[in-house]
Structures are given as structure tokens and as C-alpha cells.
Chemist: 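My structure is below; once you've seen it, I'll send some questions.
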Amino acid sequence: MENNPELYAMRHSLAHIMATAIVRLWPNVKLGVGPVVENGFYYDIDLGKQQLSEDEFDRIEGEMKKIIAEDQQFEHETKSIDEAIAWAKEAQQPYKLELLNDLSRAGTTVAKDLDTVELGLQADKDSKVSEVSFYRNGGFLDLCRGPHVESTGRVGAFKLMRVSGAYWRGKDTNPQMQRIYGLGFASEEELQAYIARLEEAKKRDHRRLGQELDLFVISPLVGAGLPLFTPRGTVLRDELARYSQQMLKEAGWQNVWVPHIAKQDLYEVSGHWAKFGDEWLKVESQETDDKLVMKPMNCPHHQQIYGSRQRSYRELPLKYMETTTVYRDEKAGELLGLARVRSITQDDSHTFCRPDQIHSLMSNLVEIVREFYSVLDLPLKVRLSFRDDADSYLGDQKLWDHAQQILKEVVDSAGMKYYIGEGEAAFYGPKIDFIATDALGRELQVATPQLDFVQPERFGLKYTDEDGQEKTPVMVHFALMGSIERFLAAYIEHTAGRFPVWLAPEQIRIIAVTDQDAVASFAKKLQDQANKLGLRATIDMSNESVGKKIRNAELMKVPYSVVIGEKEVESGEVQPRIRKDIEVNTDHSAHTIDEFLKTVANEAKSRATKTSL
RNA sequence: GCCGAAGUAGCUCAGGGGUAGAGCACAUCCAUGGUAAGGAUGGGGUCACGGGUUCAAAUCCCGUCUUCGGCUCCA
């Protein structure tokens, strides 16, 4: 979008036109900000006690069309900051007034907010602003950097999409405004094409595929955000967890096991208790007065294992791993299929090391991430999640700076593209977040190595160094998939359910043409042989036409289907039907049962995932 | 948690103040079938739940729960 200034200006202008329309319809509206976003624009508005619903979109769109037909010129003007403040007061626009006051005072609108960027209030950090830029169209004047199109008649095609709540300046302690989103494209064709793409993306929605492919269910009796995995879905979980653990195991990590509940005291020491006030699922004991909670993370438990005896520098790095479920009382509105749940299975690990080992350990982890995600063919963005100047972080600022420097070096030397997310760090240290996207482009944080200088200190963890001195180890948190649930959400949408052979819940479907004994026993023989090779094969003996059974196998995205009838019984050979995306990279010319099964087994073993999706 | 939308059969949905419909799925039977839907018959719903309005509520109103799109938070 940045590389299409024309479209950017159209969308930005549409935001103004929508604001103009809303002011016409509700003259008392208080306006927030109205930036351009991917595929369109939004404007934040506050109508006091009145709440807008989507029912009003027709009216708003109608008014916008009038404004577009009026073809009003967009005129740029500048005002001194004092004039601008006087304007905001006069116009009774408290949100604009707040922005202008901040600008006048500090030169920026309280750092890092999108305000300066999106509103286009150009100002060097720390310098006061003396002039601000405005745009006028018809009777509507708005604080804005621009650019805009020449006139309201030149904004292309648009459609209002939805209304949602949005906190003023993104802070949940601020009043909540209503955010109206619209799509904006250069032409009606492009708008319609985008809407069609959205519909396509919805077909990849993991919740839909989870139902269609029989992978997981959510039962109202069990509870919201507590997914249950069917046999098929469990194959995916188990295979992925096995692969993830195998990679860590090969790199020297050892399995540990901890219970799923703990006393509240544990988290008071770790620092989590104060930090995560409302996420605890409390457990009531009828025997003791201990206050117990479901574990929402594993690090404090794992640290108790480390701390259970004296440690020498010779033991470090000490590497623990465990794939285990943690529980968080996520708020109802925050749940999202598998992407955001309350029972979170982490392929977690905690490594205790000396400061001089951090760099190589982190590099090692970054390489593991790289390999895992390249095998799974899942693209990732890399974010260095650093602290900002809020006071919610624990630990020494110098250590933080040092740690952040190390993370930067690690991704630099790995040659990775990354961006820095200020204020995205954990309370105990900075992290590298690897981020996947779902079918609709929503970001899902998956793998994450995190540095921690705080918790080992709080738990009094020590090791005896070469020089006989007791020192505090550094802890590295690391999850390769992050959570299996969230990973699956991204992965199911990425593959559209066409899993590579090694992950496919059902690898071979044997379709019996008839239920004659000879056919049935041949099918059974094929299945037994497949099972012996560790392959997952099922037989379809159902009372349906062959065409129907093939269709069913296709719909379930089974990689290999084999039709078994008299012909096969006689010749002893099979003609596999191969899912299109798999056919592209493996030779499947063999037809005897042994050859066929060997090909499939090799495919599964190689974890080949090159697909033509 | 907040703003908006929605909840009708296992699934996808239609209907709508006068005690419910389709397709698929499921079951039974017929058909012995050859690489993406063979045919017939049948079972299945307190129309999310709880209140209210009404002679009458699945339909209108209120509340709760759950789901969806965002915001905040996050693996």
C-alpha cells in the first residue's frame, strides 16, 4: 500500500468522506482518528450514549455517495498550533483537542502511538510543533497530514464493513469509541474481487476445516475455549509434538514432567501473581488451606527442579523440555477457535545457562525454529519484542539493554529480516517472537525464545562457577510451536487441510468396490501391510457407489486412495489415486502393493511438504 | 471484559404471532457398483437457555450463555 500512493490517498479521502457523512447525520459526533489500513480505512467516532449499529450503514453509505457526487475539492491549509487548538474547542472536538494539546506540549502525541504516523502529524521527536496541517472538503475540516485525492469524486469504490469498539488511543483505561471499518479500492471490480477473496479465505478457516475434516470439537458442556481433539486431530497434535520434541532432544534437551496445579505461593515468588491478576483458574482443596491454581505457565515449576540441588557451571546449559498443557482464564471475547483457547498445550522448554552461553544457545534455538518451519513450509515474520519505558518490567535496565543487544545480534547473524516491537516484551525479559498469519491475515505468535534474568534471581537459583563463586544462571524460555492449538490454527489455514503425508490423519484410504470375500480380504491384507510400515490406512466397505467413496476420500483430503475390486485381486497390483499436491514431487510409478506402500512410507518418513497449494 | 452482529435437525441454511422446512449427513432396504454425489423409504428439532408481553411466542421485548467481527490482552 505504501508503494501505491494513489490508493493510499483514495482510502484516506474515504475516511474523511465517511466522517463528513457522519457529521451530517449526527452533528454532535466526537471524532477520533481515521487512518488508512490494509484494504481500506476506518474512523473512530463517539456518539455519547448512542451506539451505532450496522443497520445504519445504508444511511451512511448513502450520504457518502452524495458527498462523492458533489465532488468537493480537498483543500490543504495550515494553522498555527494555537489557532488549531482554538478550532478544536470551537468545534467541540475533545479528542482532536487532546491530540493538539499533546503536540503543542511535547511535539508528539505521547510517543509510539499510531497517532503521529497515521494522523500524519509530522514532528521530530521532542521538538514542539508550531504549525499543523488541515484538510478541508466542503464544510468538513479535519486535522490531517494528507495526502488526499483532488476531490471527493475520485475515491474509487468503497463499502462499509463493520463497526466495532476501539479504545481511544488503544488504551483500555480510555473511553471506548466506535470504529467503523470500510473497504476501499480503486475500482468496483477490485472491490468485488477482494470480497470474493475474503469468501475464499473463509473456506480455509480452521474452525470450518476442523469440523469438515473431523479434527476437533468444542462442547458447550466442557466449556468455551476448551477444544477436544478427535482421533484425526490427535494424530496432528501427536506427530507435530513428536517432531518438535525430537528436534530438541537431538540438541540435548531432556524431558521433565510437572503436575498441572501448584500453590499460589509459587507464582508470588516468580512475579506472575502480581502481573496476571485475572487469568488464574483457581482450584479449591477440601483437605488443605493451600490456595491452588491451574498452572498458566511452566517456568516456575521447571525452576523448582533446577533449584532442587546444587548446580555446577559444568552442568550448564541445563536443558529441560516438556509438552504440557497450561490453563488461562481468557476472557470470553478473546477466544478464537484454536488460535486463542483456555487450555494451551505448549511444547515448552527452559534452559539454564551462564551469561557467556546465551549467544550460542539463542543462535541454536533460532536455527531450530528455522528448520522446523521450513520443513512445515510455514512462513513467519520475526519480531524482536523489547521493553518500552513503562514501569511494569522487572529487573535491571542494564541487563535488559544487554539482553536486547544479544537478541539483535542473534537475528542479525542469522541473516533474518525482523522488526522491533517496543513494549512487546515479557515482564521478565525481551523475546524473539515468530509470527504466522491466518487465512484472513491475522497475526498469530507461535515460536518464541525469551531471555529471563528476573525469575532465576527471584527463586534464588545458583550455580557454582569455575572460580568457586555462586552465581545466578540466566534462563531461556523456548517454545517451538508456541502452543499446539494456535500452531494448528495457522497450519490448518495455511495448508487448507491438505496435510503432508507424514501428518495426514488418514494416509491411505482403501476403497472396496464390493463386499465380496476376496475383495474384503485383499483390502484387509493391504491395510495390515500398511499398518506394519507404521502407516495409517482405513478401509471403506460402506454401501455406497465407488464414485461416492472416491468423492468422500477427496473431501477428507486423504493423500492416497486405492480402489480394490476383482481386477486388483486377480493382478495383485494397485493403481493409487494421489492427491494432486503430493503427486508433484514424488515418483509414483510403482504398482505392486509392496512398491506402493514403500513409496508412501518414504514420503511419510521424509516429511516432504512441498505442495502446490 | 468492552462495542457490534448472530444462535432453527449432526452440518449448511430457508421460514416466521396461530405449536416447523430443504439439501447433505444418519438408519433400513434395493442396486455387485471401477476413479468426485445410484435409487427408495425412514428416524431425528422445548426453533440456545430463563423471564416478560399476548387468547396464542420459535417469531416481539428484557436478561443469561455461546459463537462470529473488532478493541484490549495474549502462546
Side-chain angles (χ1 to χ4, degrees), chain A residues 37 42 44-47 51-57 161-181 202 205 207-208 211-212 214 217-221 223-225 276-279 296-298 325-326 328-348 385 424 426 431 433-436 440 442-448 450 477 479-487 489-490 511-516 519 543-555 561-568 575-578:
Chain A
V37 292
Y42 68 75
D44 284 350
I45 63 165
D46 181 356
L47 285 170
Q51 300 292 351
L52 224 57
S53 91
E54 288 171 21
D55 297 342
E56 317 286 354
F57 281 5
M161 284 302 279
R162 54 178 169 259
V163 56
S164 78
Y167 298 105
W168 168 236
R169 299 171 93 170
K171 285 192 68 175
D172 61 3
T173 48
N174 281 342
Q176 189 170 49
M177 309 182 73
Q178 285 195 293
R179 177 168 297 175
I180 304 180
Y181 285 92
K202 281 185 193 157
D205 188 312
R207 290 161 295 195
R208 177 175 172 155
Q211 144 77 20
E212 288 174 3
D214 189 23
V217 294
I218 290 173
S219 153
L221 276 177
F276 299 105
D278 49 1
E279 284 201 15
M297 65 282 300
N298 306 307
T325 306
V326 298
R328 299 182 189 174
D329 197 12
E330 302 286 347
K331 301 298 163 255
E334 291 169 340
L335 300 174
L336 178 70
L338 290 184
R340 193 74 185 272
V341 293
R342 296 200 292 171
S343 53
I344 305 160
T345 307
Q346 300 178 323
D347 55 339
D348 210 1
S385 295
E424 301 287 350
K431 48 184 185 161
D433 285 318
F434 293 91
I435 298 168
L440 291 173
R442 286 181 291 223
E443 297 193 336
L444 297 174
Q445 183 190 320
V446 285
T448 172
Q450 316 182 348
H477 307 245
L480 181 46
M481 282 184 278
S483 96
I484 298 186
E485 291 81 12
R486 175 173 292 182
F487 177 88
I511 294 170
V513 177
T514 69
D515 57 4
Q516 293 160 2
V519 172
N543 208 5
E544 297 288 348
S545 64
V546 173
K548 181 66 169 287
K549 293 190 206 184
I550 286 161
R551 180 166 194 270
N552 288 340
E554 289 281 347
L555 290 175
S561 343
V562 184
V563 175
I564 302 295
E566 279 178 28
K567 221 166 67 184
E568 286 72 21
Q575 286 244 322
R577 184 185 167 99
I578 303 153

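Because only heavy atoms are used, hydrogens play no part in the values below, and waters and symmetry mates are left out as well, while side chains stay in. Convention: sequence-line order gives letters A, B, ...; per-chain numbering from 1.
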Chemist: NA contact type, A:K431, heavy-atom cut-off 4.0 Å: base, sugar-phosphate, or nothing?
Modeler: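 Counting heavy atoms under 4.0 Å across all strands, the contact made by A:K431 is with sugar-phosphate only.
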Chemist: Closest-nucleotide mapping onto RNA chain B: is A:A224 or A:E485 further toward the 5' terminus? I mean the 5' end.
Modeler: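 In this pair, the answer is A:A224.
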Chemist: Using a 4.0 Å heavy-atom cut-off, does A:G337 contact any base of the nucleic acid, only the sugar-phosphate backbone, or nothing at all?
Modeler: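 The residue A:G337 makes sugar-phosphate contact but no base contact.
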Chemist: Between B:A20 and B:C24, how far apart are the two P atoms, rounded to whole Å?
Modeler: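 Per the computed distance, 23 Å lies between those P atoms.
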Chemist: Can you tell me how far P of B:A5 sits from CD1 of A:I180, to the nearest Å?
Modeler: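 Atom-to-atom, A:I180 to B:A5, this comes out as 13 Å.
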Chemist: Using a heavy-atom cut-off of 4.0 Å across all strands, would you classify A:A479 as base, sugar-phosphate, or nothing?
Modeler: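 Result for A:A479 = nothing.
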Chemist: At under 4.0 Å between heavy atoms, what does A:V446 touch on the DNA or RNA strands: base, sugar-phosphate, or nothing?
Modeler: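 The answer is sugar-phosphate, as A:V446 gets under 4.0 Å only of primed atoms, P, OP1 or OP2.
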Chemist: Give one of base, sugar-phosphate or nothing for A:I218, where a contact means two heavy atoms less than 4.0 Å apart.
Modeler: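 If one applies the 4.0 Å heavy-atom cut-off, A:I218 turns out to touch nothing in the nucleic acid.
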Chemist: So what does A:D433 touch, heavy atoms closer than 4.0 Å: a base, only the sugar-phosphate, or nothing?
Modeler: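 No contact.
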Chemist: Would you say A:E566 has more than 12 foreign heavy atoms packed within less than 6.0 Å of its CD?
Modeler: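 Result for CD/A:E566: open.
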Chemist: Whole angstroms only, please: what is the CG-P distance between A:D515 and B:C29?
Modeler: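 Rounded to whole Å, this separation is 12 Å.
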Chemist: Look at all strands and tell whether A:I484 reaches a base, only sugar-phosphate, or nothing, counting heavy atoms closer than 4.0 Å.
Modeler: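 Counting heavy atoms under 4.0 Å across all strands, no contact is made by A:I484.
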Chemist: Nearest to the side chain of A:Q516, which nucleotide is it out of B:A75, B:U32, B:G1?
Modeler: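 Nearest to the side chain of A:Q516 among the choices is B:U32.
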Chemist: Give A:G165 one of three labels, base, sugar-phosphate or nothing, depending on what nucleic acid heavy atoms sit under 4.0 Å from its own.
Modeler: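 Counting heavy atoms under 4.0 Å across all strands, the contact made by A:G165 includes a base.
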Chemist: A:R342 has an atom CZ; how far is it from atom P of B:C65, in whole Å?
Modeler: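 The answer, rounded to whole Å, is 12 Å.
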Chemist: Under 4.0 Å from OP1 or OP2 of B:G69: is there any side-chain N or O of A:R442 that close?
Modeler: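 Answer is yes, contact under 4.0 Å.
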Chemist: If the P atom of B:U67 is compared with that of B:C29, how far apart are they to the nearest Å?
Modeler: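 Between the two P atoms, the distance is 40 Å.
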Chemist: For atom C1', what is the distance between B:A14 and B:U8, given to the nearest Å?
Modeler: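 Rounded to whole Å, the distance is 10 Å.
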Chemist: Rounded to whole angstrom units, what separation is found between the CD atom of A:Q211 and the C1' atom of B:C68?
Modeler: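 Atom CD in A:Q211 sits about 16 Å away from atom C1' in B:C68.
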Chemist: Please report, rounded to the nearest Å, how far the P atom of B:G70 is from the CG atom of A:L336.
Modeler: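 It works out to 8 Å between those atoms.
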Chemist: Separation of A:M161 atom CE from B:C68 atom C1', in whole Å?
Modeler: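 After rounding, the gap between these two atoms is 13 Å.
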Chemist: Please tabulate, one pair per line, each protein N/O and nucleotide N/O from nucleotides 34-40 of chain B that are separated by under 3.5 Å, including the distance.
Modeler:
unit_1	atom_1	unit_2	atom_2	d
B:G34	O6	A:E566	N	2.8
B:G34	O6	A:K567	N	3.2
B:G34	N1	A:E568	OE1	2.8
B:G34	N2	A:E568	OE1	3.0
B:G34	N2	A:E568	OE2	2.4
B:U35	O3'	A:R577	NH1	3.0
B:U35	O2'	A:R577	NH1	2.9
B:A36	N7	A:R577	NH2	3.4
B:A36	N6	A:E554	OE1	3.4
B:A37	N7	A:R551	NE	3.3
B:A37	N6	A:R551	NH2	2.6
B:A37	N1	A:R551	NH1	3.2
B:A37	N1	A:R551	NH2	3.3
B:A37	N3	A:R551	NH1	3.4
B:G38	OP1	A:S545	OG	3.2
B:G38	OP2	A:S545	OG	2.4

Chemist: Starting at CH2 of A:W168 and ending at C1' of B:U72, how long is that distance when rounded to a whole Å?
Modeler: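 Roughly 16 Å, once rounded to whole Å.
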Chemist: What contact category does A:R208 fall into here, base, sugar-phosphate, or nothing, at under 4.0 angstrom with non-hydrogen atoms?
Modeler: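 No contact at all - A:R208 keeps every heavy atom at 4.0 Å or more from the nucleic acid.
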Chemist: For atom P, what is the distance between B:G10 and B:G44, given to the nearest Å?
Modeler: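 It comes out at 12 Å once rounded to the nearest Å.
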Chemist: How many angstroms lie between atom CE of A:M481 and atom CG of A:D347, to the nearest 0.5 angstrom?
Modeler: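 Here the interatomic distance stands at 4.0 Å.
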Chemist: Considering only the P atoms, how many Å lie between B:A36 and B:A27, rounded to the nearest integer?
Modeler: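 Here B:A36 and B:A27 have their P atoms 24 Å from each other.
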Chemist: Determine the contact category for A:R340: base if any of its heavy atoms lies under 4.0 Å from a base atom, sugar-phosphate if only primed atoms, P, OP1 or OP2 are that close, otherwise nothing.
Modeler: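 Answer is base: heavy atoms of A:R340 come under 4.0 Å of a base.
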Chemist: Record whether the side chain of A:Y181 comes under 3.5 Å of the base of B:G4 through a donor-acceptor pair of N or O atoms.
Modeler: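 No, no donor-acceptor pair under 3.5 Å.
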Chemist: Can you tell me the distance, in whole Å, between the CG atom of A:D214 and the P atom of B:C26?
Modeler: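 Interatomic distance, CG of A:D214 to P of B:C26: 12 Å.
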Chemist: Could you measure between the two C1' atoms, the one in B:G1 and the one in B:U54, and give it in whole Å?
Modeler: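 These two C1' atoms come out 37 Å apart once rounded.
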Chemist: Taking B:G43 as the reference, what is the distance to B:G23 when you measure between their P atoms (whole Å, please)?
Modeler: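 Per the computed distance, 14 Å lies between those P atoms.
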Chemist: Counting any heavy atom closer than 4.0 Å, what does A:S53 reach on the DNA or RNA strands: base, sugar-phosphate only, or nothing?
Modeler: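 If one applies the 4.0 Å heavy-atom cut-off, A:S53 turns out to touch the sugar-phosphate alone, with no base involved.
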Chemist: Select base, sugar-phosphate, or nothing to describe what A:E330 touches, counting heavy atoms under 4.0 Å on all strands.
Modeler: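 The residue A:E330 makes base contact.
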Chemist: To the nearest 0.5 Å, what is the distance between OG1 (A:T325) and CG (A:N298)?
Modeler: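 Nearest 0.5 Å value for the OG1-CG distance: 9.0 Å.
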Chemist: Using a heavy-atom cut-off of 4.0 Å across all strands, would you classify A:E212 as base, sugar-phosphate, or nothing?
Modeler: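 The answer is nothing, as A:E212 stays clear of every strand by at least 4.0 Å.
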Chemist: On a whole-Å scale, what distance lies between the P atoms belonging to B:U46 and B:G4?
Modeler: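 Straight-line distance between the two P atoms is 32 Å.
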Chemist: Considering every strand and a 4.0 Å limit on heavy-atom distances, what is the contact class for A:E334: base, sugar-phosphate, or nothing?
Modeler: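 Touches a base.
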Chemist: Dot-bracket, 5' to 3', for RNA chain B please: Watson-Crick or G-U pairs under 3.5 Å, [ ] where pairs cross earlier ones, | where the partner sits on another strand, dots elsewhere.
Modeler: ((((((((.[[[[.)..(..]]]].(((((.......))))).....[[[[[..)....]]]]])))))))....
Chemist: State whether the distance check finds a donor on one side and an acceptor on the other, under 3.5 Å, for side chain A:R328 versus base B:C74.
Modeler: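 It does not, because no donor-acceptor pair links the side chain of A:R328 to the base of B:C74 below 3.5 Å.
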